[in-house]
Trainee: 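Can you read through this structure? Questions will come right after.
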Amino acid sequence: MFGRRVPPHIVFASSVALAVLCAVLAFLSAQSQSWVWAGVGAVLAVWFAVDAFRSFSWAQAKKRLDAEKAAQNGHR
């Protein structure tokens, strides 16, 4: 979209923030018995939480790959 990928730590931080925001909004909607909005908020909270987990996994995989490359370059 912008010509560059967004770094995984930025995706992780924004996804966690959005997941928390959606969970709070879902809770407040449930408190006011607005079940449709509570459901939408809950679904979005889960969506962003899964996205945060995936971006965290990407960051860990990148660190592991960089460490393996550094180890290979150090032994040659």
Side-chain angles (χ1 to χ4, degrees):
M1 182 166 144
F2 297 110
R4 267 181 73 150
R5 279 184 40 173
V6 178
H9 67 280
I10 301 293
V11 174
F12 175 74
S14 61
S15 293
V16 167
L18 287 170
V20 169
L21 177 67
C22 288
V24 167
L25 292 175
F27 176 76
L28 293 175
S29 296
Q31 290 292 318
S32 66
Q33 296 183 354
S34 178
W35 302 115
V36 172
W37 289 114
V40 169
V43 167
L44 287 175
V46 170
W47 179 287
F48 286 122
V50 168
D51 191 45
F53 177 76
R54 288 179 59 218
S55 66
F56 182 75
S57 298
W58 293 337
Q60 294 302 317
K62 185 177 181 333
K63 285 180 186 178
R64 188 172 40 252
L65 183 62
D66 289 345
E68 289 174 0
K69 284 183 183 179
Q72 287 177 354
N73 289 338
H75 288 104
R76 288 184 180 197

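Count residues from 1 along the sequence.
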Trainee: By side chain to side chain contact (heavy atoms under 4.5 Å, CB included), which residues pair with Gln33, not counting sequence neighbours?
Mentor: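 Scan of Gln33 (side chain to side chain contact (heavy atoms under 4.5 Å, CB included), adjacent residues dropped) gives Trp35.
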Trainee: Just to verify, what does Lys62 make a salt bridge (charged side-chain N to carboxylate O under 4.0 Å, His left out) with, not counting sequence neighbours?
Mentor: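 Salt bridge (charged side-chain N to carboxylate O under 4.0 Å, His left out) check on Lys62 returns Asp66.
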Trainee: To the nearest 0.5 Å, tell me how far Trp37 CH2 sits from Leu44 CG.
Mentor: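 The CG atom of Leu44 is 9.5 Å from CH2 of Trp37, to the nearest 0.5 Å.
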Trainee: Determine all donor-acceptor pairs shorter than 3.5 Å in which one atom belongs to a side chain in residues 14-32; sequence neighbours excluded.
Mentor:
{"unit_1": "Ser14", "atom_1": "OG", "unit_2": "Ile10", "atom_2": "O", "d": "3.0"}
{"unit_1": "Ser14", "atom_1": "OG", "unit_2": "Val11", "atom_2": "O", "d": "3.2"}
{"unit_1": "Ser15", "atom_1": "OG", "unit_2": "Val11", "atom_2": "O", "d": "2.8"}
{"unit_1": "Ser15", "atom_1": "OG", "unit_2": "Asp51", "atom_2": "OD2", "d": "2.7"}
{"unit_1": "Ser29", "atom_1": "OG", "unit_2": "Leu25", "atom_2": "O", "d": "2.9"}
{"unit_1": "Ser32", "atom_1": "OG", "unit_2": "Leu28", "atom_2": "O", "d": "3.4"}
{"unit_1": "Ser32", "atom_1": "OG", "unit_2": "Ser29", "atom_2": "O", "d": "3.1"}

Trainee: Please name all residues satisfying ring pair (Phe, Tyr, Trp, His ring centres under 6.0 Å) with Phe56, sequence neighbours left out, ordered by chain then number.
Mentor: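 Result, ring pair (Phe, Tyr, Trp, His ring centres under 6.0 Å) vs Phe56: Phe12.
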Trainee: Could you work out the complete set of other residues in the hydrophobic cluster of Val50, with links drawn between I, L, V, M, F, W and Y side chains under 4.5 Å apart?
Mentor: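 Direct or chained contacts put Val50 with Val46.
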